[in-house]
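Inspection log for the structure reproduced underneath, given as structure tokens.
As the structure lists them, so they are numbered: ligands from 1, and atoms in each ligand from 1. Here the structure is a predicted model, which is why all the values come from computation and not from measurement.
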Amino acid sequence: MAVAYNQRTHRCGELRKAHVGQTVTLAGWVNTSRDHGGMTFVDLRDHTGITQLRFTPDKSTAHAAARTLHNEDVIAVTGQVVSRGEWTNPKIATGEIEVEVTEIDVLSRCDPLPFQINDELDVGEDLLLKYRFLHLRRPEMQGIFRLRNTVAKAIREYFHEHGFVEIETPFLTKSTPEGARDYLVPSRVRPGTFYALPQSPQLFKQLFMIAGFDRYAQIVRCFRDEDLRLDRQPEFTQLDMEMAFVQREDVMNVVEGCVKRIFKDAMGLDIPLPLPRMTEHEAMERFGIDRPDTRFGLELRDVTELVRGLDFNVFRDAIDAGGVVKCIVAGGEKLTRKVTDGLTEELRGMGGAGLPLTKVAQGAAGIEFQTGIAKFFQPIAAKLCQAVGAKPGDTVFFMPGKYADVCKYLHHIRTRVAGILGIIPENQWNLLWIIDFPLLTWDEEEKRWASTHHPFTAPLDEDLHMLETDPGKVRDKAYDLVLNGTEMAGGSIRIHRKDVQSQVFRILGISDEEAKEKFEFLLDALRFGAPPHGGIAFGLDRWVMKLANANSLRDVIAFPKTQRAVCPLTNAPSTVSKAQLDELFLTIKPLPK
Ligand code: ASP
């Protein structure tokens with residue numbers, strides 16, 4: 001008789017001593033099976049855990065069937081829960097019992113596996129992605145996606161409880177300028193025209209505010225055709241929200257509440273509020289980056305004034321060219337010559353010129369600098385050490401150059417050195433807001449201003465008067481939420497006046513015609529009673545990645561793409577038939593040789 005697999009009495013991780021004597025029905029996958037002197041043991045697995053099944057020769061049909069099992073066959077069994085007596089297995093939650101099987105139904109057989117589900121993984125990522133359904137079957141992946149579910153649920157509940165309405169926005173739409181390349185979808189009905197998949201619902205959520213919805217939140221997919229990295233996928237999910245009649249503080253307060261809820265529900269942790277705030281300027285000064293990891297020190301020190309008079313060309317040239325000299329002080333014996341040579345090479349790989357450094361020692365006549373460029377500094381050794389807090393045994397890493405380059409390279413050194421010294425605390429969650437970004441950033445290559453966030457970000461009221469005269473000085477009403485050095489959310493108060501929006505477009509080099517072509521609907525809407533509004537988006541995938549301590553977004557997206565934006569499971573993207581192309585009036589150019 002077949003086992004009633006649709007009437008499972010328990011899941012595989014549930015049975016305990018208290019169930020001894022009960023007749024139960026379980027179903028799942030064969031995790032392992034082994035023959036032991038006449039008896040056969042099978043570990044049966046589902047997403048809740050493992051139960052050991054025992055098959056004895058006196059139940060000959062079941063026993064015979066059990067002996068044919070292979071890993072990952074799907075079975076259902078009925079049997080009696082018995083105590084394992086002294087043979088308990090403390091490693092699993094069900095380790096005090098086993099099920100003595102009276103009936104088994106083999107529901108489905110498994111072919112030889114491309115990789116094991118129950119063992120260490122030692123295969124390339126392509127294979128894992130091709131058989132993603134098998135990879136997802138592994139307990140650690142089940143854990144990640146259940147955590148993802150907890151986070152998504154916490155976010156949804158939180159926003160619903162706070163009066164936000166969830167409304168969907170279109171996928172087949174027009175380009176939103178978030179700074180990436182668009183994914184395009186050709187229109188069949190109007191050949192030669194294209195939709196863009198949204199880089200974010202930015203403009204639609206602003207239209208919701210103008211439409212009077214007041215509070216909107218949506219967990220939504222966004223698409224950006226960028227070069228992929230461990231923390232970038234072509235399609236990703238974000239919580240997107242917008243509020244009307246608010247100032248920065250209001251949005252930040254709501255977000256903080258949500259972050260608290262996420263940590264509580266997903267990690268059982270209480271995050272103290274309010275979260276610290278830091279201006280972008282301070283972040284750059286102290287950490288060289290606008291998303292600082294504040295779990296450790298090694299802060300940047302400006303020594304431009306101190307070294308100004310030194311007879312050292314590398315520094316002098318940088319300062320004469322309007323640049324700065326900054327340094328980082330790090331202690332410890334781990335910073336050997338080999339290690340620092342390696343760091344220098346890394347900087348060269350990033351386009352840097354080198355990494356002037358010196359070691360501090362206690363000489364007979366006082367503080368001494370040793371190695372490399374030491375002789376140039378000797379005149380100011382004591383003064384410099386005092387200013388930057390360096391003591392004997394420390395290494396001082398210098399960086400001369402343009403402010404932005406100095407920040408970039410020293411941020412890299414800071415992070416690497418912290419890793420090498422092992423001073424980054426684990427299980428610590430340093431959240432902070434970064435505010436007062438420059439509204440515009442000068443694009444050296446294109447020789448024009450670009451938005452630091454996006455073109456709909458409002459300038460600070462007190463800086464508005466500089467928009468025409470000194471645009472680089474204007475700060476904005478944006479806020480980024482940073483967790484341990486990763487940007488987890490970003491948003492802003494928006495421009496809600498048409499004249500200011502047009503002015504910003506002009507400064508960005510977007511002509512009136514182009515603005516009309518691309519954003520006429522927004523400019524139009526701003527004419528018809530737009531309330532002050534602002535919002536934010538946070539990357540759901542990124543949150544899960546951080547909380548799960550995963551090192552790639554690919555671990556937390558169910559069916560991700562590879563670095564080359566390919567899905568090995570479905571083989572997307574793939575060619576299409578000539579008929580499909582004809583219908584769209586498209587021809588494919590031959591690839592360049
Ligand atoms: N649209 C922005 C983004 O996707 C977020 C925002 O400004 O609300 O990054």
Do me a favour and list the nearest non-hydrogen protein atom to [atom] with residue, atom name and distance?
| atom | value |
| --- | --- |
| atom 5 (C) of ligand 1 | G490 O, 3.3 Å |
| atom 2 (C) of ligand 1 | E178 OE2, 3.3 Å |
| atom 6 (C) of ligand 1 | Q202 OE1, 3.2 Å |

With L523, which of K516, Q501, K518 fulfils side-chain contact (heavy atoms from CB on, under 4.5 Å)?
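That would be Q501.
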For M141 and D555, work out which heavy atoms get closest and say how close.
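In this case the closest contact between M141 and D555 is CE-O, 3.7 Å.
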[X]: numbered ligand 1 atoms lying under 4.0 Å from its heavy atoms:
| X | value |
| --- | --- |
| S200 | 1 (N), 4 (O) |
| Q238 | 4 (O) |
| G491 | 6 (C), 7 (O) |
| I536 | 8 (O) |

Have [X] and [Y] got a donor and an acceptor in their side chains that come within less than 3.5 Å?
| X | Y | value |
| --- | --- | --- |
| T169 | Q218 | yes |
| Y403 | E285 | yes |
| R138 | Q142 | no |

Between Q199 and ligand 1, which residue portion shows a heavy-atom distance shorter than 4.0 Å: side chain, backbone, both, or neither?
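Under 4.0 Å from ligand 1, Q199 contributes no heavy atoms.
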Which bit of Q206 gets closer than 4.0 Å to ligand 1, counting heavy atoms only: side chain, backbone, both or neither?
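Neither; nothing of Q206 gets under 4.0 Å from ligand 1.
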Ion pair present between E226 and R224, side-chain N to carboxylate O less than 4.0 angstrom?
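Between R224 and E226 there is no salt bridge, as every charged N stays at least 4.0 Å from the carboxylate O atoms.
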Residue selection (non-hydrogen contact nearest atom 4 (O) of ligand 1) among R224, E487, M241, H453
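Nearest heavy atom to atom 4 (O) of ligand 1 lies in R224.
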Kindly check if the number of other-residue, nucleotide or ligand heavy atoms within 6.0 Å of CG (N427) is above 12?
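Incorrect, the count does not exceed 12.
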Check this for me - ligand 1, [X], N or O atoms closer than 3.5 angstrom, yes or no?
| X | value |
| --- | --- |
| E242 | no |
| D240 | no |
| S492 | no |

Any heavy atom of K205 closer to ligand 1 than 4.0 angstrom?
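Contact present.
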Examine Y479 together with F437 and report whether their ring centres are nearer than 6.0 Å.
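No, too far apart.
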Report yes or no: is the cationic atom of R414 (NZ for Lys, CZ for Arg) closer than 6.0 Å to the six-membered ring centre of F296, at no more than 45° off its axis?
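Yes - R414 lies over the ring of F296, closer than 6.0 Å to its centre and within 45° of its axis.
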